[in-house]
Protein chains: 2
Amino acid sequence: MSDAANSRPTLAGVAARAGVSASTASLVFSGAGPVADATRARVLEAAAALGYAGPDPTARSLRRGRTGVVGVVTEDRLGDAFRDPINLALLDGLGEELADEGFGLLVLPWAPDSAVELAAVPMDAAILLGCSADLASSVERLRRRRIPLVAIEAPPLGDVVPIELDNADATRRGAELLRALGHEQIALVTLPLDVARTRAPLTPQREAASTAFTASERIRGARAVFPDAGGVSAGGSTVSEGYAAGRALLDVPATERPTAVIAQSDLLAIGVIRAAEELGIDVPEELSVLGFDGIRLQGLTAHDLTTLVQPAVEKGRAAGRAVREALAGDLPAPVALTSELRRGATVARSPIE
Amino acid sequence: MSDAANSRPTLAGVAARAGVSASTASLVFSGAGPVADATRARVLEAAAALGYAGPDPTARSLRRGRTGVVGVVTEDRLGDAFRDPINLALLDGLGEELADEGFGLLVLPWAPDSAVELAAVPMDAAILLGCSADLASSVERLRRRRIPLVAIEAPPLGDVVPIELDNADATRRGAELLRALGHEQIALVTLPLDVARTRAPLTPQREAASTAFTASERIRGARAVFPDAGGVSAGGSTVSEGYAAGRALLDVPATERPTAVIAQSDLLAIGVIRAAEELGIDVPEELSVLGFDGIRLQGLTAHDLTTLVQPAVEKGRAAGRAVREALAGDLPAPVALTSELRRGATVARSPIE
DNA sequence: CGATTCGATCGAATCGATTCGATCCGGCCG
DNA sequence: CGGCCGGATCGAATCGATTCGATCGAATCG
């Protein structure tokens, strides 16, 4: 019949049918401003009759200047970003502070050649999750758009609120424990050094070229104690990568073998331990293994890992709070979180004396 | 100086500075329509001078009627949704079909009392992930907004494109294997039956009241073979919930013990096996355990589980494709996926003969 | 009883772009 | 040389709401 029937109903249509102005109808839905009960009823009735589902979010966003969406930018592939339990914990924290407050989280996997142009995504703020400097130009455009940015464990970026972790210092403390136990032959198993995620021995060149902030910081902390430690970079924070790295490092003559491994994540550490077990190397008697994160893994027997426990949920909460503060017009203070060394059962005195 | 300096620059401002109309400037950024090279250069120059970051996504969304965002609705808490490896695989599939095509994925944890009103979220389409009928009213509003909806493993909902899995039939096939092996005493360990996620023995009442589609379907499949099987519902698809369920079912006199457990997920199955190990019950000699999903778990020793392998990544791909088809104006065909029984090492003949 | 106030409602401007049809102009064809 | 064509550009309408200031009665107050 009327062509109002087949095109999506609008606020204007509802207002017309209710015999009020669009402004009044808007008041009914937004709840702001006083509306007589009778009027409200008439508007709602008209809305129901027309099948109006409420104000169009897009139009509302334009007018209000708010979308209710917060972007979470990661350089991982979609699924991989959440395969790391540390990110799940972080997500729990973000959920508390943002999702529970009505924000939607827009997950944006970013790659240099990605199809998503970050600056073209409708969002109120963005959280950069372990992002490298490769993002700089995208970040620049987001800043131009006056979008508040919060970066978790990222190199200092002007105007971006940092949520920092004591990666270097914590690793240093772990390394000092190993030194105190007499270890001198140390090998590092690091997180990926760049987006290419090449699994390969560490070299000064590769380290210098690293774009991965967290990995570099943790290397730095280890080097503060063991300046000459070698090692390998893994292709990801997974048990199997840790295992592969472990094989590479440990499947050598006993004299060339490290007496301790500093792994940059618990998953990597577990992989290394598995490799050691397979090679008949006893942990911790013949090999000490240090992890990082302090995760509890779905269904994994407690390894009682010696590790640096980071406040992952709090990291997410802090980021979420920072976003909310920024959106409220305040300037969020930078946050620096600290990790704690948990002495488990995977380190012991060096077998070499 | 000029107040154009402190307020965010707009396309109109850029156009004015470049001495062209807004329409032409728009053409430059959108790439549609012919623009003389000299003009383009002038516009880009003006944009750079003003610090214009490109068209405002919100305004563009309103005009174009597209946001580039696809919602993913889950009834889990944010982090929990991705703690289940099956959802990670699904996310991989979604990533391939959507994220890689430039769509952003907006994760929307939904709860009956949630702060997010789904119909008020700016998005082009939504994917319902294992959602119960509680969502019905929200879904209804989304439909009014003419938003294409795709539901993964959900009860048939008018006008929603279903991506189905043969939950009942696959479970039935698994159950038949157990029967063929002589099992008669069967216990089920089910996924949560409702949003409350109560861990409790199955009763006809609780089963009837279940709002969890997948759980109900799998129960139905099992009951097709073992009409009287009892069991417990778990509080989540986790190893520890499986363990708890396992203790509850197995820590009884041997004569009352089931000879086989049908777990509704691999994580639950692993938990049950762990409970059995702890109680000194041999799997599979004294207890057969059947899983569902066919996942490979980070760092978990291969249990060589007998399980129903579901095409999880394909589920995500199918959903992503359906969304894209719907947005292209086509009517996506329903998809029905099938699972495959993988005979591992956790089932054997019934010890009772 | 007149002035003031308050609640309800309305008009019009605005958010920032996109897009369609019209216009302008230089070059080409007959 | 006139008419035509097509590329480049422009104007104006539009997307669908929100919001500010104005208006209009009715109730309150002195």
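To find a chain, count down the sequence lines: A is the first, B the second, and so on, and within it residues start at 1. As the structure is a prediction and not an experimental result, all values here were calculated from the model.
Within the structure, a side-chain polar atom (N or O) of A:Arg60 is placed less than 4.0 Å from OP1 or OP2 of D:dT18. Residue B:Arg64 places none of its side-chain N or O atoms closer than 4.0 Å to OP1 or OP2 of D:dT14. Look at B:Ser21 and you'll find a side-chain N or O under 4.0 angstrom from OP1 or OP2 of D:dC10. Checking the phosphate oxygens (OP1, OP2) of C:dT18, a side-chain nitrogen or oxygen of B:Ser26 falls inside 4.0 Å. For D:dT18, the OP1/OP2 oxygens have no side-chain nitrogen or oxygen of A:Arg66 closer than 4.0 Å.
Not one N or O on the side chain of A:Glu75 forms a donor-acceptor pair closer than 3.5 Å with the backbone of A:Val195.
With sequence neighbours excluded, the residues forming a salt bridge (Lys or Arg N to Asp or Glu O under 4.0 Å) with A:Asp92 are B:Arg83, listed by chain and number.
Here A:Arg42 does not pair with A:Glu45 in a salt bridge; the nearest charged N to carboxylate O distance is not below 4.0 Å.
Distances were taken from every side-chain heavy atom of A:Leu27 (C-beta onward) to each of C:dA17, C:dG16, D:dT19; the shortest belongs to D:dT19. Of the candidates D:dC10, C:dT9, C:dA17, C:dA17 carries the atom nearest the B:Asp56 side chain, counting heavy atoms from C-beta on. Out of D:dG16, C:dA17, C:dA8, the shortest distance to the side chain of B:Pro55 is found at C:dA17. For B:Leu11, counting side-chain heavy atoms from C-beta on, the closest listed nucleotide (C:dA17, D:dG16, D:dT9) is C:dA17.
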Just list the side-chain donor-acceptor pairs under 3.5 Å for residues 97-112 of chain A, sequence neighbours left out, or say none.
residue	atom	partner	partner atom	Å
A:Glu97	OE1	A:Arg324	NH1	2.7

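One finds the OG atom of A:Ser30 at 6.0 Å from the CZ atom of A:Arg64 (value rounded to the nearest 0.5 Å).
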Nucleotide-level pairing of DNA chain D, given in dot-bracket where Watson-Crick and G-U pairs need both distances under 3.5 Å and | marks other strands: ||||||||||||||||||||||||||||||

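Closest of all the heavy-atom pairs between A:Leu78 and B:Gly95 is CD2-CA, 3.7 Å.
Below the 3.5 angstrom threshold, one finds a donor paired with an acceptor across the side chain of A:Ser23 and the base of C:dG11. Between the base of C:dT14 and the side chain of A:Arg63 there is a donor-acceptor pair shorter than 3.5 Å.
What separates CZ of A:Phe29 from P of D:dT19 is a distance of 15 Å, to the nearest Å.
Nearest-nucleotide assignment on DNA chain D puts the 5′-proximal partner with B:Pro34, out of B:Ala59 and B:Pro34.
Between A:Tyr52 and A:Phe29, the ring planes are perpendicular. Angles over 60° get that label, and only those under 30° would be called parallel.
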